[in-house]
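Remarks on the structure that follows.
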2 protein chains.
Amino acid sequence: MSTKKKPQVTPTPERRRELLATAAEVFAAQGYNATTVRRIADEAGMLAGSLYYHFDSKESMLDEILSTFLDELWQGYDEVLAAGLGPRETIEALVTESFREIDRHRPAVAIYQKEAKHLATQPRFAYLADSQTKFEKAWLGTLERGVTEGVFRDDLDVRLTYRFVRDTVWVAASWYRPGGHHSPEEIARQYLSMVLDGIALRT
Amino acid sequence: MSTKKKPQVTPTPERRRELLATAAEVFAAQGYNATTVRRIADEAGMLAGSLYYHFDSKESMLDEILSTFLDELWQGYDEVLAAGLGPRETIEALVTESFREIDRHRPAVAIYQKEAKHLATQPRFAYLADSQTKFEKAWLGTLERGVTEGVFRDDLDVRLTYRFVRDTVWVAASWYRPGGHHSPEEIARQYLSMVLDGIALRT
DNA sequence: GCCGTTCCCTAACAAGTGTTTGGTAGGTTA
DNA sequence: TAACCTACCAAACACTTGTTAGGGAACGGC
């Protein structure tokens, strides 16, 4: 009887994820260009050349990190957008989902935050630009719908509001630490309370 | 009679500023580490080695860009903080001043945003960490004072609010374009309106 | 005219970069 | 036992990087 026994050596796909996780951590901390493959290999306990058994290039590591993050992000976003919620509830759900993604993919988000802008010009990373377009359509569309339906103020520039909201959500990745004082849901709640109702005391 | 005539060749201090401006532009667009000194020289219409007539090193360019920006920033901030305004008015003045700085030093702000975190660990850039400490004291202190004086809500985590406000103000440098649709003051006004009163329509 | 200064070029250097090639220890399969 | 595969090492490669040294053209002061 041949039981499928787990071998001593870590199997391939899991090892890939491990290496990508450490690579993402270093990329996030030092920046992609400032990170050498020797540094990644060091952190992973092996030599630089050995990384090329698992990956084609340094760039393909970055590619895999960013694309798997975006895939998971849009899985969550699409679910929210398909739920047919009202504008305010949609914004709330998107914000909450975003902080959950930061919780799960903090290094990837930090990398995205720093590098996406100039990476998007390269053909290989064209999907970053696509994602950004989809992103704007979802958020800006919801805000505009909220204005026409009378749940959001109409005396603010929607485009400015969109940028503020978007940026504030994602830069959280630069200071957020998993296992800290606040859960992603708590952070989302406070953030939504601030953006929706303001920090000034109502008189 | 010896009149101090302006020579045909651009004098030294102005040329320095020109070169630093183009360097800052490239640093902001591509990231410091991803920027080669040859690229900067190219953009300035000269060869790589020629830059070293004006500057000691690539790092000293970055240093000068960031330190002159911070000097000017704190000149404005200190003026605001010394004015003895109330918490709400202080926040308003700080935000407005910040957007004015972004208007004047957009590339420097963008570089600061991307690189400050891992630069602050180097001894040469220790003033970045100092500035960050002063920064937190000013903003967080004002927010806390506003809570105790009853002008800001007390049911929000002040530290979270501080981070949100701080980040949102400065990431504006990544999309702001001087000479665009909105003046710095107008952006500050809209941003303050959102943060203070919220985007939800009051019922 | 000559001198000194300013500003840039030409040409190279040493260090560090991502990547490749050949080899090999150890486990699995037949 | 033999063949094979996985996962890594050792050593090098070609190239790019920041930086330097020497030289020279243009210009102002004397």
Side-chain angles (χ1 to χ4, degrees), chain A residues 1-24 26-27 29-65 111 115 118-119 122 124-125, chain B residues 1-24 26-27 29-65 111 115 118-119 122 124-125:
Chain A
M1 188 178 169
S2 73
T3 56
K4 220 181 190 178
K5 231 178 57 178
K6 189 180 174 188
Q8 270 92 337
V9 291
T10 11
T12 309
E14 185 164 343
R15 186 67 177 133
R16 269 183 84 89
R17 274 197 298 274
E18 281 180 22
L19 292 175
L20 281 179
T22 67
V26 186
F27 284 157
Q30 322 219 353
Y32 172 71
N33 281 286
T35 302
T36 72
V37 306
R38 282 169 177 80
R39 180 84 170 75
I40 300 174
D42 226 49
E43 211 77 21
M46 54 197 244
L47 291 184
S50 308
L51 281 174
Y52 289 79
Y53 172 75
H54 298 276
F55 306 100
D56 288 343
S57 64
K58 180 189 174 188
E59 197 179 75
S60 77
M61 296 190 218
L62 177 65
D63 194 352
E64 195 163 336
I65 290 170
I111 298 168
E115 321 278 357
H118 71 268
L119 281 180
Q122 296 176 234
R124 174 167 196 173
F125 293 94
Chain B
M1 188 178 170
S2 74
T3 56
K4 222 180 189 178
K5 233 178 62 179
K6 190 182 174 189
Q8 269 91 337
V9 291
T10 11
T12 309
E14 186 165 342
R15 185 69 176 131
R16 269 182 84 90
R17 273 198 298 275
E18 281 179 22
L19 292 175
L20 280 179
T22 67
V26 186
F27 284 158
Q30 321 219 352
Y32 172 71
N33 282 286
T35 300
T36 73
V37 55
R38 281 167 178 81
R39 180 85 169 75
I40 299 175
D42 227 49
E43 211 77 20
M46 54 197 244
L47 290 184
S50 308
L51 281 174
Y52 288 80
Y53 172 74
H54 299 275
F55 306 99
D56 288 344
S57 64
K58 179 189 175 189
E59 197 181 73
S60 76
M61 297 190 217
L62 177 65
D63 194 351
E64 195 164 336
I65 290 169
I111 298 169
E115 322 278 357
H118 71 269
L119 281 180
Q122 294 177 232
R124 173 167 197 172
F125 294 94

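Just the heavy atoms: all of them, side chains too, but no hydrogens, waters or symmetry mates, feed the values below. Every value quoted in this text rests on a predicted model; they were computed, and no experiment measured them. Quick note on labels: first sequence line is chain A, next is B, and so on, each numbered from 1.
For the pair B:Leu62 CG and D:dT19 P, the interatomic distance rounds to 12 Å; values are reported in whole Å. Atom CD of B:Glu18 and atom P of C:dT6 are 17 Å apart (whole Å). The CG-C1' distance, from B:Asn33 to D:dT16, rounds to 14 Å in whole Å. Between the CZ atom of A:Arg16 and the P atom of D:dC8 there is a distance of 13 Å, rounded to whole Å. A:Tyr32 places its OH atom 12 Å from the C1' atom of C:dT17, with the value rounded to the nearest Å. Protein atom CG of A:Leu51 is 16 Å distant from nucleotide atom C1' of D:dA11, rounded to whole Å. Taking atom CD1 on A:Ile40 and atom P on C:dT17, their separation rounds to 12 Å, with Å as the unit. When rounded to the nearest whole Å, the span between CE of B:Met61 and C1' of D:dT17 equals 13 Å.
Annotation: side chain to side chain donor-acceptor pair (under 3.5 Å) contacts of A:Glu43 (sequence neighbours excluded): A:Arg39. Scored by the salt bridge (Lys or Arg N to Asp or Glu O under 4.0 Å) test, B:Glu64 finds B:Arg16 as partners (sequence neighbours excluded).
Atom CD of residue B:Glu14 and atom CG of residue B:Leu19 lie 11.0 Å apart, to the nearest 0.5 angstrom. The distance from the CD1 atom of B:Ile65 to the CZ atom of B:Arg17 is 13.5 Å, given to the nearest 0.5 Å. Rounded to the nearest 0.5 angstrom, B:Leu20 CG and B:Arg15 CZ are separated by 11.0 Å.
Taking only side-chain nitrogens and oxygens, A:Arg15 comes nearer than 4.0 Å to OP1 or OP2 of D:dC8. One finds a side-chain N or O of B:Tyr52 lying less than 4.0 angstrom from the OP1 or OP2 phosphate oxygen of D:dT19. For D:dC8, the OP1/OP2 oxygens have a side-chain nitrogen or oxygen of A:His54 closer than 4.0 Å.
At the heavy-atom level, A:Thr35 lies under 4.0 Å from the strands shown only through sugar-phosphate atoms.
Contact between B:Phe55 and B:Ser60 at its shortest, heavy atoms only, is CB-OG, 4.0 Å. Among all heavy-atom pairs drawn from B:Thr22 and B:Ala44, the shortest one is OG1-CB, 4.3 Å. The two atoms that bring B:Asn33 and A:Ala34 nearest to each other are ND2-CB, 3.4 Å, heavy atoms only. In terms of heavy-atom proximity, A:Leu119 sits nearest to A:Phe125 at O-CB, 3.5 Å. Of all heavy-atom pairs spanning B:His118 and A:Ala29, the tightest one is CB-O, 3.8 Å. Between B:Leu51 and B:Met46, the shortest heavy-atom distance links the atoms N-CE, 3.5 Å.
Here salt bridge (Lys or Arg N to Asp or Glu O under 4.0 Å) pairs that include residues 50-61 of chain B, with residues two or more places apart or in two chains, are B:Glu59-B:Arg124.
Each of C:dG18, D:dC8, D:dG18 was ranked by its minimum atom distance to the side chain of A:Lys58; first place goes to C:dG18. Side-chain proximity of B:Tyr53 to the nucleotides C:dG18, C:dC8, D:dG18 is greatest for C:dC8.
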Exercise for review: For each nucleotide in nucleotides 9-16 of chain C, reading 5' to 3', give B when a protein heavy atom comes within less than 4.0 Å of its base, S when such contact involves only the sugar-phosphate, and - otherwise.
Suggested key: BB-B----

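Comparing the axis of the opening five pairs of the helix from C:dG1-D:dC30 to C:dA30-D:dT1 with that of the closing five pairs yields an angle of 0°, rounded to 10°.
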For nucleotides 24-26 of chain D, tabulate all protein N/O to nucleotide N/O atom pairs closer than 3.5 Å, reporting atom names and distance.
none

